[in-house]
Amino acid sequence: MHPRRDQRRPLPGGRPLPPQHVATRLVTAEERDAAVGRLTAAFADDVLPVAEFERRVSAVWRVATAGELVSLTRDLPTVQEATSVADSRDGSASVAPRSSTAPRRLNSIMSSVERRIHGPMPERLRVQATMGSVELDLRDAEFPPGVTEIRVKALMGSVEIDLPPHVVVDDRGRAFMGSFTVSGSGRLRASDADAPIVRISGHAMLASIEVEIDD
């Protein structure tokens, strides 16, 4: 009786497995992590609503074969395509970007990210924490006149953002079974027409988002 071939290995001589074997071979831990990363990117770019994102992530850890795993991400755009769609939605594709070396996207997936930005801010910044945390210190960042947009999403995680005292905040965040708070003296007023404005939007789902303006 011949020993059972490992379904995760190619055939002798390096030949690829036939399609039917690819579909039934066992999923590796790396493939599960990659699938969660792709689903998270789709959620961050508003491709997947929260309920569908949660359903698919839960399924990632239940499926046994590569074919089942592929079915969970087959209909998703690539990361580049999703980012292009998201940029067109918020208008960034039609606006000349500021000259800035700061990151335009910060993601934390089941991990912790800490960043302190010095120098000019990008016109738009996207921050997302999925079962993780992000701590973002912007007290030394340069905010030019006009509006700087920060879009924040947190799902079963936390985001903390520190802002300098000279900016005013246009708070458009919301929360569901979580919290989205802005504290400090920098709130949008009619007399602040010439001050840099930081427009913060997004949502916290079973999560916490805290924005603090330094006094």
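Quick note: residue numbers are just sequence positions, from 1.
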Search all heavy atoms of Ala207 against all heavy atoms of Gly157 and return the closest pair with its distance. CB-O, 3.0 Å
Output, in order, the C-alpha distance, side-chain angles, deciding distance and verdict of side-chain contact (heavy atoms from CB on, under 4.5 Å) for Val57 and Leu155. CA-CA 12 Å; Val57 169; Leu155 174 64; over 6 Å; no
Please find the pair of heavy atoms, one from Leu138 and one from Phe143, that lie closest to each other, and give the distance. O-CE1, 3.7 Å
So, Ser133 versus Ser112: side-chain donor-acceptor pair below 3.5 Å or not? yes
Using only atom types and a distance under 3.5 Å, with no angle test, would you say the side chain of Glu52 pairs donor to acceptor with the backbone of Pro49? no
Taking Arg38 for its side chain and Leu76 for its backbone only, find out whether a donor-acceptor pair lies under 3.5 Å. yes
Between Ser158 and Ala129 the two heavy atoms that sit nearest each other are O-CB, 3.7 Å
Looking only at non-hydrogen atoms, find the nearest pair between Ala35 and Thr73 and report the distance. O-CG2, 4.3 Å
Donor-acceptor check, side chain of Arg32 to backbone of Val60, threshold 3.5 angstrom: yes or no? yes
Could you tell me which non-hydrogen atom of Ser108 sits nearest to which non-hydrogen atom of Val134, and how far apart they are? CB-CG2, 3.6 Å
Within the distance-only criterion (no hydrogens, no angle test), does the side chain of Thr28 pair as donor or acceptor with the backbone N or O of Glu31 below 3.5 angstrom? yes
Just by distance, no angles: are the side chains of Gln128 and Thr130 close enough, under 3.5 Å, to form a donor-acceptor pair? yes
Minimum heavy-atom distance between Phe180 and Ala175, given as atom pair plus value: N-CB, 3.9 Å
